[in-house]
Structure formats: structure tokens, C-alpha cells
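Contents: one structure, followed by commentary.
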2 protein chains.
Amino acid sequence: MPVAATRGASSTRERILDAAESLFIEHGYAATSLRAITTAADVNLAAAHYHFGSKFDLLAAVFHRRIEPVERGRLEALDALERQEAPFSVRDVVYAFLSPMYGAEADDLLDVLPDLIGRIYAEPESLTKPLLEGEFSGVAGRYLTALGQALPDVPPAELRWRFHFTIGAMIQLLRFRAPLGLTAERADFVGSLDRLVDYVVAGLEQERTS
Amino acid sequence: MPVAATRGASSTRERILDAAESLFIEHGYAATSLRAITTAADVNLAAAHYHFGSKFDLLAAVFHRRIEPVERGRLEALDALERQEAPFSVRDVVYAFLSPMYGAEADDLLDVLPDLIGRIYAEPESLTKPLLEGEFSGVAGRYLTALGQALPDVPPAELRWRFHFTIGAMIQLLRFRAPLGLTAERADFVGSLDRLVDYVVAGLEQERTS
DNA sequence: GTCTATATTGGGATAGAC
DNA sequence: GTCTATCCCAATATAGAC
């Protein structure tokens, strides 16, 4: 993986964000020092404090920069779905939820977004709670409602469980990209998203027959 | 949550293991100091090094103590399944995989096992790779083979993906116990395992119809 | 905005007495 | 096996010159 600092001569602030991002992804938050970040970014240690105030606030900035467009995309995709007159399927809702990742195909966003989200979710809850509360307000609730409309016979509590497991399957893909024994090319990510969709739609729509 | 050190007067070595376990679960590996561990265990700092050699080796011991019986139980359950003459279903294999967690009902094992496994899986790969390689050799492979027998029409690569997502859903349950908006009583864990089984069996057995 | 220098605290690990 | 004392290094953060 290329080091963030080699991405060209951007501003000090952006170089710090890039370096922090790739190091947080690789080693996690607690195991990454500001020194390692500023060294990789080729900036002075004090610059990190000047621009971000504290290590935690730097993490919040790193996270916000990537997640804000994702959450916005999710809301917009759901808006579009609800505006159309025909009823929508579970698959439609799942696609809407994942649409920011499909849409980022050409972007270099796909190089870091899955790894970053996967890593943030994996951090201890004491660290991520303040982060996630700010960013995800409303999105999960709106998607649960939409899923309920696509699956009117499933009780709300049951639906929350199925959505919970769906998030878990998604995080697994984001964190590891490929199962043990298989390797995933970067270009295959959209293909593996399709596999994820098939899996979670089956789980969401399940009807016990045995 | 009760502090590990209050579990009675066990040996120094066990007190260190208990305290390390609960602190690792709560704050993660990197954010937990040996000093915090030995203070919680009410033992001397040097004792940790005497008994375990290093912080990493302590983590390995914490992990091994819990995961070894789980992996052994998984292999034994699969042995039993394969010994019987009737063909087995996907659901049978999934139950075998989760059997150590069902079986631990009466045990206090369920107090920590899900949290610990969930946390370990969430640590950065650079940390967990040496741990997981030693413990999981063979188990995943055997279960993939068994799943392949229950699903003879699914190509092996496709099966690996479905198994991958299954692990993700399981980890999500272990880490968070309940979806946002719902609370899970400790006694409900077996009930939520049943929900997990329904979800992943549907994903594993999926047949696209749309 | 960027630097040097430093304050202050805490980290893992170890030597050596008991 | 257990303790005290300590080594040595790294951490976040800040003060203050430029």
C-alpha cells in the first residue's frame, strides 16, 4: 500500500489527514502515535495539534471526511426510492444502502473507504460511540422503516435483528475484502458487493420452511 | 460489570488472566497497559512478566484459554455429525459450528466468551494474525468441506463467500449482543443465537429467484 | 502557520534483593 | 514466586520564538 504522504504536495492539513487515515487503518487508533503520523506526513509534530487540537479530534476529522458523503448518499438514494410510485423490494433498499460504494467505482474513494469504515467499527465502543452517534443519526432508522415497508409481515424487533446481522456481513466484507483462501482484486470489489447483496437479501427475506 | 479481580482468591497467574481479559475486552489491546492489568488483579507488575514474558504473550494466553475449548467443541460436533449415516443439512452444520456457545449455557463462560471473541476479531490484523493462525488451523477448512457436502450445487468459491458473510454476522452478534434500539438480557443470548441461525442458513442456502 | 524545545506522564521491561 | 526500584523510551500536549 502506498504511503499517504506520497500522494503529492497537498496542504499540511490534508497531508496529516491522509497519513493518519492510512496508519489508523493499518494499526488501529491506540497503536498509532501522533509522531508516526506526522513523520509519515512529513510535517512537524506541533502542526497536528495546531490543526486538530488532539489525537481524538484528528480521528474524528479523518472519519468525518469519508463518512459524510456516504451517509448523504444513502439518504439521497432512499429519497429517490421513496419518490417513485411503484413499491420497492428488499433488494432495492439494500442497493440504496450500498449505493455510495457502488457509485464510487471510478473514484479513488474505494481505495480507503472500506478499510476505514471496517476499522472504525472494530475499535472499542468507548472510542467509537462519540463518533458514530454524530454521524449516523437517522440513517439507520430510516432504512429500518423502509425495510419494514418492503417486509410488512416481519415484526419490527425481528427486523432489527436481521438488519443487525446484515451490518455484520457488510463489515466483514469491508474489513477483509475476501474470504480466507481467496484473493480479491481491487477491481473485484463491486463484484463482491453483489455477492453480499445476494446473501443479505436472502437473510432479510428468509421464510423458515424446515 | 464485575471486575475480574473480585472473583475470589485464585492464583496470581489466574488473577492476571482474568483481569487482562476483562480490560482487553473493554478497551482493546493497545489501550490497555500492563500496569492497569496488574493493578486490577492486585498483583505486582513484575509478576506479569514473570508468568507471561511479555504483553503480547499474555494476550495469547488470555485468548487461548477461552478459544481452545470452543475449537475443540466445534471439531467434536462435526465429528459426531459425520459419523451419523443420514445426510446432514446446512442447518446441522451451522448448529455444530455454534454448539460450543449453546453448550455453555449453564457455564459462566457465556459471560465473557462472546465479548472476547468479538474483540479479538476486531483488533488490527497485524496483531491477530499470529493468534488466529495458531488456533484456527483446520477448523474453517473442515466446516467448508461439510458445507460443500450439504450444498453440492454451490461452487466452492461461492461457498467461501457465503461462509465469510456468515462469520461476519456471527461476530456482529458476539460484539454487540443486540441491535440498536433493543436490549438483550444475558439469558436471551441463546435466543439470539437462534435468530442468527435462521439468518445465516437463509444466506447460505440462497437461491436467487429474481 | 510552522518550528524548536520541553513539560509531564505513562509505557514495557528488567535487575537483583528477599 | 514475589517484591522494590529503576532503566529507557515513547506518548500527548504546550509554550514561545520566528
Side-chain angles (χ1 to χ4, degrees), chain A residues 4-5 7-63 65 119-120 123-124 126-128 130-131, chain B residues 4-65 119-120 123-124 126-128 130-131:
Chain A
R7 279 186 202 168
S10 32
S11 71
T12 294
R13 190 189 151 89
E14 281 173 338
R15 293 232 303 287
I16 295 172
L17 281 173
D18 289 341
E21 179 174 75
S22 75
L23 288 171
F24 284 155
I25 286 173
E26 190 172 352
H27 302 114
Y29 174 78
T32 301
S33 68
L34 284 176
R35 282 175 154 78
I37 291 169
T38 51
T39 299
D42 198 27
V43 302
N44 191 275
L45 173 61
H49 284 102
Y50 174 80
H51 285 284
F52 300 98
S54 74
K55 185 184 175 185
F56 179 81
D57 288 339
L58 171 57
L59 173 67
V62 165
F63 186 54
R65 180 175 65 152
R119 181 96 288 284
I120 294 284
E123 292 290 339
S126 47
L127 183 71
T128 57
L131 286 184
Chain B
T6 65
R7 279 186 200 167
S10 33
S11 71
T12 295
R13 189 189 151 88
E14 279 172 339
R15 293 232 304 288
I16 295 172
L17 281 174
D18 289 342
E21 180 174 76
S22 76
L23 287 172
F24 284 155
I25 286 173
E26 191 171 355
H27 301 113
Y29 174 79
T32 302
S33 68
L34 284 176
R35 284 175 159 82
I37 291 168
T38 51
T39 298
D42 198 25
V43 302
N44 191 274
L45 172 62
H49 284 103
Y50 174 80
H51 285 284
F52 299 98
S54 74
K55 185 185 175 186
F56 179 82
D57 288 339
L58 170 57
L59 173 68
V62 165
F63 186 53
H64 178 78
R65 179 175 67 151
R119 183 95 287 282
I120 294 283
E123 292 289 340
S126 48
L127 184 71
T128 57
L131 287 183

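So you know, we letter chains A, B, ... as the sequences are listed, proteins then strands, and number each from 1.
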Point to revise | Between D:dA15 (C1') and A:N44 (CG): distance, integer Å | key: 14 Å

Practice item. Look at B:Y50 and D:dG1 and indicate whether a side-chain polar atom (N or O) is within less than 4.0 Å of OP1 or OP2. Key: yes

Exercise for review: May I have the distance from A:F52 (atom CZ) to C:dG1 (atom P), rounded to whole angstrom?
Suggested key: 11 Å

Exercise for review: Taking the side chain as every heavy atom from C-beta outward, state whether A:D18 and A:R65 have any pair of such atoms under 4.5 Å apart.
Suggested key: yes

Review point. How long is the line joining NZ of B:K55 and P of C:dT14, in whole Å?
Key: 15 Å

Review point. Just checking B:A47: base, sugar-phosphate only, or nothing, at a heavy-atom cut-off of under 4.0 Å?
Key: nothing

Review point. In whole Å, what is the span from the CG atom of B:D42 to the P atom of D:dC3?
Key: 9 Å

Study note, to complete from the structure: The nucleotide from D:dA15, D:dA13, C:dG12 with an atom nearest the side chain of B:L34 is C:dG12

Check your understanding: How is A:T32 classified with respect to the nucleic acid when contacts are heavy atoms under 4.0 Å: base, sugar-phosphate, or nothing?
Key -> sugar-phosphate

Review point. Going from OG1 on B:T39 to CG on B:L34, what distance comes out if it is rounded to the nearest 0.5 angstrom?
Key: 10.5 Å

Check your understanding: So, is B:H51 near the phosphate of D:dT2, with a side-chain N or O under 4.0 Å from OP1 or OP2?
Key -> yes

Check your understanding: Donor-acceptor pair under 3.5 Å: do we get one between B:R35's side chain and the base of C:dG12?
Key -> yes

Review point. Does B:S33 put a side-chain nitrogen or oxygen below 4.0 Å from OP1 or OP2 of C:dG11?
Key: yes

Review point. Rounded to whole angstroms, how far apart are CG on A:D57 and C1' on D:dA13?
Key: 13 Å

Review point. Taking CG from A:L45 and P from D:dA10, how many angstroms apart are they, rounded to a whole number?
Key: 14 Å

**Study point:** N or O in side chain of A:T12 less than 4.0 angstrom from C:dG1 OP1/OP2
**Key:** no

Point to revise | Phosphate OP1/OP2 of C:dT14: any B:H49 side-chain N/O under 4.0 Å | key: no

Review point. For the pair made of CD1 in B:I16 and C1' in D:dG1, what is the distance, rounded to whole Å?
Key: 11 Å

